[in-house]
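Okay, so here's the structure we're looking at.
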Amino acid sequence: MLAGGRRPAAFASVGRLKAEEEALAIMERRIPAARLIWRISSDQTAIGSSSIH
């Protein structure tokens, strides 16, 4: 969640995170959303990287 860009609710919806609704809401508010940034490398191949701002 902290580096992969997935939200806590997404993990909970597929059963990878078990938490009470209140705890899940707190995590949704506190864990920053990652942005996926695409850049072109020197050999013109698209490379994805996530960055938290």
Pair listing, side chain to side chain donor-acceptor pair (under 3.5 Å) test, anchored in residues 1-27, at least two apart
R7-E28
For R29, enumerate each residue passing the side chain to side chain contact (heavy atoms under 4.5 Å, CB included) test, keeping only those at least two apart in sequence or located in another chain.
A25, I26
Looking at I31 and P8, what are the two nearest heavy atoms and their distance?
CD1-CG, 4.1 Å
Exercise: identify the closest heavy-atom pair between L24 and A12:
CD2-CB, 4.0 Å
